[in-house]
Amino acid sequence: MAPRITILSETVTNKIAAGEVVERPASVIKELVENSLDARATDITIEITGGGKRRICVTDNGHGMSREDALLSLERHATSKITSDSDLDSILTLGFRGEALPSIASVSRFTLATREAAHLEGTEISVEGGRIRDVRACGMPTGTALTIEHLFFNTPARLKFMKSNETENGHVGDVVSRMAVSRPDAAFLYVSDGRELLRLQPGDLRRRFSQVVGKETSSQLFEIHTQSDHASISGFISGPAAARSGPNGMFTYINGRFIRDKVVQHAIMQAYRGVIDRGRYPVVALFIELPPDEVDVNVHPTKHEVRFRRQTLIHDSILEAVAEVLRTSPWLSHHTIRATKPLSALSQTYRERVAQAAQTFLAMPSRSFSPAQNFTTAETRQSTTTGIPPETVHETTVSFAPENDTSQSPGYFSSLTFIGQLQREYLLCQSANELVIIDQHAASERVAFQNLKKEFLSGAVESQRLLFPETLELSFSEVATAERFRHDLTTLGFELEPFGGNTLVVAAIPRIAAEKDPLGLVRDILEGLTQLGTTTAFANACDELLSRIACHTVIRGAHYLDSNQAQALLFSMDQTDFAASCPHGRPVSHSITLRELEKIFKRT
Ligand code: ADP
Ligand code: MG
């Protein structure tokens, strides 16, 4: 009897490999451009027609191949990039598996034209469905040109999975962008159906990344650069205003290779927690350089995934590096920080004024006024305060008392001149050359959050016992959560006792939230903690919880602030890290430059 098992022919194995490496036109382009970069090309042109389904052509000015190498390059497992298994531990090229060219050639009509500088003539090889049809001499400049026509013509099942031209074009554009960002020193041209979609001249990373992610984002990019014993992390990260609804602006690279890695993404997202809203993503170009033996790129044929030898270490290095840049709120510093009076003249009175304002602010119950009074200037307010009876009085402890150090020169927010309040929700302020609008609710939430966080980190969140402990009906999983995190919740100032079944006794809550609805707060906190899941460590959930508490402490909705109170709020914003967005990531302030106003009024 003939054996059941046969060894597959190379044509078949190539087709199988193609199933992994070549998913769609974009994956062909990824492989070809990687080869061009590995061949030290500095000028790469990508042309496609019909979404790349009809034709793909990648031309480079790299070192090219001899005829012998060109023929070899089409064999499976033929590569110039590694020679032995020990090389696998120190891969510095983008390719190394020797699979791409034979795989692509097995599922398309394929032409490879290439010339080395040392030879006067080049070689052109035509392949169809993996079979070499023709090898001939050709005239061409040094470099390589690969043409792929009718991709998947002989794998109809795969062909059916191709999407519209537009969709495939989009995928190709994404791939080209990622490669282009990784190599700002090389020129890239991407043409689709005769239309030039991307033309990138060699330049620096800031320029290249801005060209790829768009001009609006470019003013929001801040440099990051750290070097530690185990990793170097560099690139650009965006401020909160540039956040997007998807992760498509996140470009992360390990040793020059674009990757989509959960560990890396998690570290970045964690650093942005509290700076941007949940469900929003920052724009980043982050280059992580590691010794090659610290990272395994040979996890998947497409090499988009990696494995780190010391995962936690890498995670924390990235987290710290990104958080460090964000901590200084660099997106604020590109505002011209200029006081309206010279600082020297200002400092004494300024200090007094703010200290006094803070006192008044803390002592005063806040008032809401009739809706007719939509816009109140600081001056007119002064004279009308007594005339209008308060509709509601919020009994509230205001949590953003400015802290001790009033000796410093004013920060950005303190240096603003308060003009007035709009709709009792926004502070209108003026700096040297712009109108600054501040969302007072978001701002006070931000300040409360930071103060609370400081208390929490120093282990001193002040707790307040309720005069009469209250009972609360919850879901069983929420009661279980309260049990599970009992100790941790105590550090946040809560005292919660199970009362049997799904009832909980609330005995104490954080002092700063004491004046408000304590049961609502406990419910909210437990709901949040339960949602975050059993695997989430309390530490990870903390910012989220603190921001929930902060949210409960500040006044919602319209709320009148007089100029002293407004100044006190501005002052405390300067005492706060991340003052530019509220804990939920909504922006706190927005400025309109005089130029923009001039445009609106057509004065220019
Ligand atoms: P790998 O990149 O993993 O080595 P490929 O199948 O992608 O495998 O390419 C096989 C070989 O062909 C490469 O190792 C390289 O020597 C050569 N090659 C491919 N593309 C180019 C190119 N654009 N310029 C010069 N050499 C190339
Ligand atoms: Mg390759």
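Position 1 is the first residue of the sequence, and the numbers go up from there. Whatever order the structure lists them in is the order used to number ligands and atoms, beginning at 1.
The atoms of ligand 1 that sit less than 4.0 Å from any heavy atom of S73 are 11 (C), 12 (O). Annotation for ligand 1: atoms under 4.0 Å from non-hydrogen atoms of E99 are 6 (O), 8 (O). Per-residue contacts place A39 under 4.0 angstrom from the following atoms of ligand 1 (heavy atoms of the residue considered): 24 (N), 25 (C). Taking every non-hydrogen atom of G95 and a distance limit under 4.0 Å, the qualifying atoms of ligand 1 come out as 2 (O), 3 (O). For ligand 1, the atoms closer than 4.0 angstrom to any heavy atom of T79 are 1 (P), 4 (O), 14 (O). Near F96, the atoms of ligand 1 lying under 4.0 angstrom from a non-hydrogen atom of the residue are 1 (P), 3 (O).
Polar contact with ligand 1: absent for H63 (N/O pair, distance under 3.5 Å). Among the atoms of S80, some N or O lies under 3.5 angstrom from an N or O of ligand 1. At under 3.5 Å, a nitrogen or oxygen of G98, whether backbone or side chain, sits near a nitrogen or oxygen of ligand 1. Residue-to-ligand polar distances place T144 within reach of ligand 1: an N/O pair is separated by less than 3.5 Å. On a distance-only criterion, E31 and ligand 1 share no N/O pair closer than 3.5 Å. Between M65 and ligand 1, not a single N/O pair is under 3.5 Å apart.
The pair E99-R76 counts as a salt bridge, with a side-chain nitrogen and a carboxylate oxygen less than 4.0 angstrom apart. With respect to E128 and R109, a salt bridge is recorded, a charged nitrogen being found less than 4.0 Å from a carboxylate O. Ion pairing between R195 and D193 fails under the 4.0 Å rule for side-chain N and carboxylate O.
Note on ring orientation: taking the six-membered ring where Trp is involved, the planes of F258 and Y253 are perpendicular (angle over 60°, cut-offs 30° and 60°).
Look at N35 and the Mg ion (ligand 2): an N/O/S atom of the residue is under 2.8 Å from the metal.
Relative to the ring axis of F236, R206 does not place its NZ or CZ within 45° and under 6.0 Å from the centre.
Only the backbone of A78 comes within 4.0 Å of ligand 1, counting heavy atoms alone; no side-chain atom from C-beta on gets that close. Only the side chain of D60 comes within 4.0 Å of ligand 1, judged by heavy-atom distances.
N35 is listed as a side-chain neighbour of K81, based on a closest heavy-atom distance under 4.5 Å.
Residues passing the side chain to side chain contact (heavy atoms under 4.5 Å, CB included) test with D293 are P291, sequence neighbours excluded. Listed by chain and number, the residues in a side chain to side chain contact (heavy atoms under 4.5 Å, CB included) with T83 are D87 (sequence neighbours excluded).
In the displayed structure, R207 atom CZ is contacted under 6.0 Å by at most 12 heavy atoms of other residues, nucleotides or ligands.
Of all non-hydrogen atoms in I276 and Y281, the two that sit nearest each other are CD1-C, 3.9 Å.
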